[in-house]
Amino acid sequence: MAATIKNIRFFLFFLGLISQGNVFPGYCEECSLKDLFVNTSKIGVTIQGKTEWLVTVTNNCQCGQSQVILNCRGYKTVEPVDPTILEYSGTDYCLINYGKPKYKQPITFKYAWDTAFSMSPNSSQITF
Ligand SMILES: *[C@@H]1O[C@H](CO)[C@@H](O)[C@H](O)[C@H]1NC(C)=O
Ligand SMILES: *[C@@H]1O[C@H](CO)[C@@H](O)[C@H](O)[C@H]1NC(C)=O
């Protein structure tokens with residue numbers, strides 16, 4: 001699964017280079033990983049004895065961010081999560097939105113485990 005994520009990343013990286021051409025808008029240059037926020041909150045529901053957590057990934061940048069990868073070491077869930085929203089590499093990373101660009105619309109997903117995992121942005125690529 002890790003290899004798949006890597007392949008997707010590289011594929012999208014080259015696609016990104018092609019589509020960006022010379023018209024990358026200047027205001028996108030101010031966007032960075034710091035514009036991505038991952039918030040986790042408790043919903044108050046338990047699934048198979050585990051706490052259900054709601055995660056919201058927000059991009060506060062005017063431009064899109066693609067290949068959004070979160071640090072999510074040790075991630076586990078008893079509640080299946082749609083892999084097109086969150087795909088766990090099996091080690092340290094989670095790929096968001098299948099690597100496709102993420103714009104202002106927040107992405108949310110729910111998982112269930114004893115404790116919440118600390119998920120923070122690891123890398124992304126600015127697109128528009
Ligand atoms: C998410 O967390 C960030 C940083 O703590 C905070 O500024 C932001 O308001 C939170 N967003 C939501 C939707 O709760
Ligand atoms: C991304 O992950 C690598 C490997 O775990 C780590 O060395 C690096 O500090 C991480 N970067 C961020 C911004 O979390």
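By convention here, the first residue in the shown sequence is residue 1. As the structure is a prediction and not an experimental result, all values here were calculated from the model. Order of listing sets the numbers, starting from 1, for every ligand and every atom in it.
Between C28 and C63, a gap of under 2.5 Å is found separating the two SG atoms.
Here the straight-line distance linking atom CG of L95 with atom OG of S89 works out to 9.5 Å at 0.5 Å rounding.
Proximity of atom 7 (O) of ligand 2 to the protein is not indicated, since no non-hydrogen protein atom lies closer than 4.0 angstrom.
Summarising the contacts of atom 1 (C) of ligand 2 with T91, N122, L33, the nearest heavy atom is found in N122.
For the pairing with Y88, the ring pair (Phe, Tyr, Trp, His ring centres under 6.0 Å) check across Y93, Y75, F117 returns one residue only, Y75.
Between N71 and ligand 2, at least one pair of N/O atoms sits closer than 3.5 Å. Ligand 2 has an N or O atom lying under 3.5 Å from an N or O atom of Y93, backbone or side chain.
L86 and C94 get closest at one heavy-atom pair: CD1-CB, 3.5 Å.
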